[in-house]
Amino acid sequence: MLTEETYNEIVEQKLPFLDTTNQRVKAKVMQYGAVSNLPKGSLIFDEGSACTNLAIVLSGRVRVFKLGESGREITIYRIDKGESCILTISSILSDLKFPATAVVEEDLTALLLPSGIFKELVDADEKWRNYTFRLVNQRLANVITVVEEVAFRRMDERIAEFLFSNIKEGKTELTITHKQIADELGTHREVVSRILKEFEKDGIINLSRNKISIINKKELLNFLK
């Protein structure tokens, strides 16, 4: 159960769509909602799990990925502040098991709602429906992008773009393992290591233990043209 103070804080700082004049909807969220905290590395759902609750992220980050029979992983998407998981939503609305794996990537605080209450809220309130449909649209676009990347782009292009996307502004160094990059891109660690070593041989990057330093951004950008 949420207090009025907690509910208002969530509305003001995290989830403005909950600012509703529908007192019945608000009462449902306050009565059945709960705030949960999970540390980095916690397993939220494993493939085949039953989705008994919907979690909306208040702070932190969740990584959703698919694990193949070979042990290879590929990241489907991440869930950040104000967002929820469309695979959870789909599983709840269709009474199916969770089809992937979700883990806490950064210490997580989330609003939890029982699956039955979530269904009632979507049926009863336009703001909840709009929030849900907007999430679905955004995530479907993300998933299509992942499929296009895997199916149609060369791995050296994808690795180059990954490096640019993950190095912070003004920085030239990224702390990450080759396996982590492979898990993000859905390939083998050996493939990533080979391409990174080719980049290093060409004077584009410098490799050290769990670190990649970009030393020639112009040449790396050529892979993205």
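We're numbering straight along the sequence, starting at 1. All figures in this text were calculated on a predicted structure; none of them were measured in a lab.
- The only member of Glu184, Gln180, Lys66 that meets side-chain hydrogen bond (donor to acceptor under 3.5 Å, both in side chains) when paired with Thr75 is Glu184.
- Residues Ile44 and Leu108 form a side-chain contact, since some pair of their non-hydrogen atoms from C-beta on lies under 4.5 Å apart.
- Look at Arg194 and Glu198 and you find a salt bridge, because one of the NZ, NE, NH1 or NH2 atoms lies within 4.0 Å of a carboxylate O, short of that distance.
- Shortest non-hydrogen contact noted between Leu113 and Gly33 is CD2-CA, 3.7 Å.
- Summarising the geometry of Ala102 relative to Val64, their closest heavy-atom pair is CB-CG2, 4.2 Å, with the distance given to 0.1 Å.
- Shown here for Asn216 and Gly203, the closest heavy-atom pair between the two residues is CB-O, 3.5 Å.
- Side-chain atoms of Asn37 and Thr109 form a donor-acceptor pair, as typed in the model, at a separation below 3.5 Å.
- Residues Leu220 and Phe164 are in side-chain contact: their nearest non-hydrogen atoms beyond the backbone lie under 4.5 Å apart.
- Counting non-hydrogen atoms of other residues, nucleotides and ligands closer than 6.0 Å to CD of Glu126 gives a total of 12 or fewer.
- The closest side-chain donor-acceptor pair between Arg134 and Asn137, if any, does not fall under 3.5 angstrom.
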Start with the C-alpha gap between Lys28 and Arg24, add the side-chain angles, then the distance that decides, and say whether side chain to side chain contact (heavy atoms under 4.5 Å, CB included) holds.
CA-CA 6 Å; Lys28 282 278 186 181; Arg24 181 175 176 275; 4.2 Å; yes

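- A salt bridge is absent between Glu83 and Arg61: the closest approach of a Lys/Arg side-chain nitrogen to an acidic carboxylate oxygen does not fall below 4.0 angstrom.
- Under the 4.5 Å side-chain criterion, counting only non-hydrogen atoms from C-beta, Phe65 is not in contact with Tyr77.
- To the nearest 0.5 angstrom, Leu196 atom CG is 9.0 Å from Glu200 atom CD.
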Given the rule in the salt bridge (Lys or Arg N to Asp or Glu O under 4.0 Å) test, do Arg154 and Asp156 qualify, once you have shown the distances and angles that lead to the verdict?
CA-CA 6 Å; Arg154 299 199 323 257; Asp156 56 357; 3.0 Å; yes

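- Here the straight-line distance linking atom CG of Leu174 with atom CD1 of Ile176 works out to 5.0 Å at 0.5 Å rounding.
- Using a 4.5 Å cut-off on side-chain heavy atoms (C-beta onward), Asn206 and Ile214 make no contact.
- Counting heavy atoms of neighbouring residues, nucleotides and ligands inside a 6.0 Å radius, atom NZ of Lys119 exceeds 12 of them.
- A donor-acceptor pair under 3.5 Å is absent between the side-chain atoms of Lys26 and the main chain of Asp19, judged by distance alone.
- Side chains of Val62 and Arg78 form no contact here, defined as non-hydrogen atoms less than 4.5 Å apart.
- One N or O on the side chain of Ser193 and one on the backbone of Arg189 form a donor-acceptor pair closer than 3.5 Å.
- When side chains are defined from C-beta on, Leu135 counts as touching Ile89, because their heavy atoms get closer than 4.5 Å.
- For the 3.5 Å distance criterion, the side chains of Thr101 and Glu47 fail to qualify, holding no donor opposite an acceptor.
- Distance CG/Leu87 to CZ/Phe98: 5.0 Å, rounded to 0.5 Å.
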Applying salt bridge (Lys or Arg N to Asp or Glu O under 4.0 Å) to Asp107 and Lys40, what does each step give before you reach the verdict?
CA-CA 5 Å; Asp107 290 350; Lys40 178 180 177 179; over 6 Å; no

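- With a 4.5 Å cut-off on side-chain heavy atoms, Ser213 and Glu173 count as touching.
- Asn142 CG to Thr145 OG1: the interatomic distance, rounded to the nearest 0.5 Å, is 6.5 Å.
- Ser165 places a side-chain N or O within 3.5 Å of a backbone atom of Glu161 that can act as its donor or acceptor partner.
- If you chain together hydrophobic residues whose side chains sit under 4.5 Å apart, Val191 and Phe199 fall into the same group.
- By the criterion of side-chain heavy atoms lying less than 4.5 angstrom apart, applied directly or through intervening Ile, Leu, Val, Met, Phe, Trp or Tyr residues, Ile74 is not grouped with Phe45; the two fall into different hydrophobic clusters.
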Verify side chain to side chain contact (heavy atoms under 4.5 Å, CB included) between Lys14 and Leu111, making sure each step is shown before the conclusion.
CA-CA 10 Å; Lys14 319 288 184 181; Leu111 172 65; over 6 Å; no

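- Between Leu15 and Leu58, the closest side-chain pair of non-hydrogen atoms falls below 4.5 Å.
- Ion pairing between Glu73 and Arg63 holds under the 4.0 Å rule for side-chain N and carboxylate O.
- The two residues Ser84 and Leu54 make their nearest non-hydrogen contact at OG-CD1, 3.1 Å.
- Ion pairing between Asp125 and Arg129 fails under the 4.0 Å rule for side-chain N and carboxylate O.
- Criterion: ILVMFWY side-chain heavy atoms under 4.5 Å apart, direct or through other members. Under it, Val11 and Phe118 are part of a common hydrophobic cluster.
- Taken to the nearest 0.5 Å, the CZ atom of Arg158 stands 9.5 Å off from the CD1 atom of Ile195.
- Among all heavy-atom pairs drawn from Tyr7 and Val29, the shortest one is CE1-CG1, 3.7 Å.
- In the hydrophobic cluster analysis, where Ile, Leu, Val, Met, Phe, Trp and Tyr join through side-chain heavy atoms closer than 4.5 angstrom, Leu221 is grouped apart from Ile215.
- Remark: side-chain polar atoms of Ser94 are paired, donor with acceptor, to backbone N or O of Ser90 under 3.5 angstrom.
- Atom OG1 in Thr172 sits 12.0 Å away from atom CD1 in Ile212 (nearest 0.5 Å).
- Under the 3.5 Å distance criterion, with hydrogens and angles disregarded, no donor-acceptor pair is assigned to the side chains of Ser91 and Thr88.
- No continuous path of ILVMFWY side-chain contacts below 4.5 Å connects Leu43 to Leu38, so the two sit in separate hydrophobic clusters.
- Distance alone, capped at 3.5 Å, places no donor-acceptor pair between the Glu12 side chain and the Glu9 backbone.
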